[in-house]
Amino acid sequence: MYAITGAAGQLGRLVIEALLKTIPADRIVAAVRNPAKASDLAELGVIVREADYDRPDTLAPAFAGVQKLLLISSTEVSGRLPQHRAVIEATQRAGVSLIAYTSMLHADTSSATLAIEHRQTEEVIADSGVPPSSCAMAGTPRTICWRFRRLWSTAPSSASRKTGVSRPQRGGTMPRPQPWC
């Protein structure tokens with residue numbers, strides 16, 4: 001099962017639209033702050049679950065049964081790291097086997113203030129034991145959706161935390177995304 005956080009937003013909806021072309025709707029979880037705003041997704045057969053970054057008690061239940069998660073970055077500048085950490089911790093409890101994260105280009109080397117929280121989130125994911133992937137936000141939302149669909153279709157469907165996933169070597173940040181970067 002696949003889950004997309006922030007699924008009621010523009011990028012989340014585009015990702016779900018792209019996934020629906022190859023994945024049955026009942027295998028997609030739209031993780032949203034307000035389920036009423038995703039009723040149209042539910043009408044398509046997508047599973048809609050409440051997942052509020054600021055209410056960690058909603059997160060693990062939202063990710064139950066999920067193998068692959070797209071963590072769409074929060075819009076809370078200078079406040080997103082605690083939100084992202086809550087999501088990542090919930091994925092660990094739920095047994096998620098892969099996290100794809102919408103980071104930014106060169107978050108590991110950029111001196112931009114905005115890069116700090118993305119870099120920190122990448123580090124939290126890398127330290128979580130959940131195999132990571134990262135999607136730097138480059139291109140149009142539609143090309144980003146294609147990249148996630150491709151990533152998810154080529155990544156192992158059930159990675160194990162016990163397979164010796166190595167920690168990143170470059171300054172503690174996530175390894176380069178595979179297979180499309």
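Keep in mind that what you see is a predicted model, and the values were worked out from it rather than measured.
Judged purely by atom type and a 3.5 angstrom limit, Arg119 uses its side chain to pair as donor or acceptor with the backbone of Ala107. A donor-acceptor contact shorter than 3.5 Å links the side chain of Glu117 to the backbone of Ser78.
Side-chain contact between Ile99 and Leu70 is absent, with no heavy atoms from C-beta onward closer than 4.5 Å. Side-chain atoms of Leu69 and Val87, non-hydrogen and from C-beta on, do get closer than 4.5 Å to each other. For the pair Gln83 and Asp54, the minimum side-chain heavy-atom distance is below 4.5 Å. The shortest distance between side-chain heavy atoms of Thr91 and Leu71 does not fall below 4.5 Å.
A pairwise comparison of heavy atoms in Leu59 and Asp52 identifies CD2-O, 3.7 Å as the closest pair. For the pair Arg49 and Pro61, the tightest heavy-atom approach, listed with the atom from each and the gap, is NH1-O, 3.7 Å. The nearest pair of heavy atoms linking His118 to Thr102 is CE1-O, 3.8 Å. Between Ala51 and Ala62, the shortest heavy-atom distance links the atoms CB-CB, 3.7 Å. Residues Val130 and Val96 come closest through the heavy atom pair CG1-O, 3.6 Å. Residue Ala7 comes nearest to Ile16 through the heavy atom pair CB-CD1, 3.7 Å, listed as atom of the first residue, atom of the second, then distance.
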Exercise for the section: Kindly indicate, with the supporting measurements, whether the criterion side chain to side chain contact (heavy atoms under 4.5 Å, CB included) is fulfilled by Leu19 and Ile4. Expected result: CA-CA 10 Å; Leu19 289 175; Ile4 293 80; 3.5 Å; yes
Exercise for the section: Apply side chain to side chain donor-acceptor pair (under 3.5 Å) to the pair Ser103 and Glu122, showing each step before the final yes or no. Expected result: CA-CA 8 Å; Ser103 188; Glu122 290 179 2; 2.6 Å; yes
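Sorted by first and then second residue, the side chain to side chain donor-acceptor pair (under 3.5 Å) pairs with a member in residues 28-45 read Arg13-Asp40; sequence neighbours excluded. Counting only residues at least two apart or in different chains, ring-ring contact (aromatic ring centres under 6.0 Å, His included) contacts with residues 60-95 comprise His84-Tyr101.
Between Asp26 atom CG and Ile47 atom CD1 the span is 6.0 Å, to the nearest 0.5 Å. Taking CD1 of Ile88 as the reference point, atom CD of Glu123 lies at 11.0 Å (rounded to 0.5 Å). Atom-to-atom distance recorded for Ile125:CD1 and Gln120:CD is 12.5 Å, nearest 0.5 angstrom. Between the CD1 atom of Ile28 and the CD atom of Glu17 there is a distance of 11.0 Å, given to the nearest 0.5 Å. Asp127 contributes atom CG, which lies 9.5 Å from atom CD of Gln92 (distance to the nearest 0.5 angstrom).
In this model, a donor atom of one side chain and an acceptor atom of the other lie less than 3.5 Å apart for Thr5 and Tyr53. In this model, no donor atom of one side chain and acceptor atom of the other lie less than 3.5 Å apart for Glu50 and Thr58.
Partner Tyr2 forms a side chain to side chain contact (heavy atoms under 4.5 Å, CB included) with one of Ile23, Val29, Val66, Val15 and no other, that one being Ile23.
Hydrophobic clustering keeps Ile116 apart from Leu114 (ILVMFWY residues linked when any side-chain heavy atoms are closer than 4.5 Å, directly or through intermediates).
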